[in-house]
Amino acid sequence: GHVSARFNLGNEEGRAGNVDLALQHWLISANLGHGISLDNVKKMFMSGLTAKADYARALRGYQSATEEMSSPDRNEAKALRS
C-alpha cells in the first residue's frame, strides 16, 4: 500500500485503541522509509506497548529503505540545493 495511507491507518487504529493494528501499519510504512512511523514504533516500545524486536525490525527496515533511496546523484543534488 501507499506509505502515507499506511501511516494514516496506523493513526486511526491508534486513536481507536487498536494498538496491535496501529503497530502493524506503522511497521509497514517504517519499512518503506517513513520516519514518523518509525518514531511511533519507538514511542510504543518506550511505553512498553511493543517488544524491542518490533522496534529493531522497524529500524532495520527503515535504514534499508533509506539506503535504497540514496544515490550519489541524489546526494550531489541535495548538496547543491543547500
Open item on the list: Check whether Asn18 reaches the backbone of Gly14 with its side chain - one donor and one acceptor, N or O, closer than 3.5 Å.
Closed with: no
Open item on the list: The test is side chain to side chain contact (heavy atoms under 4.5 Å, CB included); show your working for Asn8 and Glu12 and say whether it passes.
Closed with: CA-CA 6 Å; Asn8 290 333; Glu12 291 299 317; 5.6 Å; no
Open item on the list: For the CE atom of Met44 and the CG atom of Asn40, what is their distance to the nearest 0.5 Å?
Closed with: 8.5 Å
Task: Under 4.5 Å side-chain linkage, directly or through intermediates, the cluster mates of Leu21 - done: none
Open item on the list: Given 3.5 Å as the limit, does a donor-acceptor pair link the side chain of Trp26 with the main chain of Phe7, or not?
Closed with: yes
Task: From CG (Leu38) to CG (Asn31), nearest 0.5 Å - done: 9.5 Å
Open item on the list: Can you give me the closest heavy-atom contact between Gly10 and Ala22, atom names plus distance?
Closed with: O-CB, 3.3 Å
Open item on the list: Quick check for you: to the nearest 0.5 Å, what is the distance between Leu49 atom CG and Leu23 atom CG?
Closed with: 9.5 Å
Open item on the list: Donor-acceptor pair, distance only, cut-off 3.5 Å: does the side chain of Ser47 make one with the backbone of Lys43?
Closed with: yes
- [ ] State which residues pass side chain to side chain contact (heavy atoms under 4.5 Å, CB included) with Phe45; sequence neighbours excluded, sorted by chain then number.
- [x] Thr50, Lys52, Tyr55
TODO: Working to the nearest 0.5 Å, report the span between CZ of Arg6 and NE2 of His34.
DONE: 13.0 Å
- [ ] With sequence neighbours excluded, tell me which residues meet salt bridge (charged side-chain N to carboxylate O under 4.0 Å, His left out) with Arg57.
- [x] Asp54
Task: Shortest non-hydrogen separation from Ser29 to Ser37 and the atoms involved - done: OG-OG, 2.5 Å
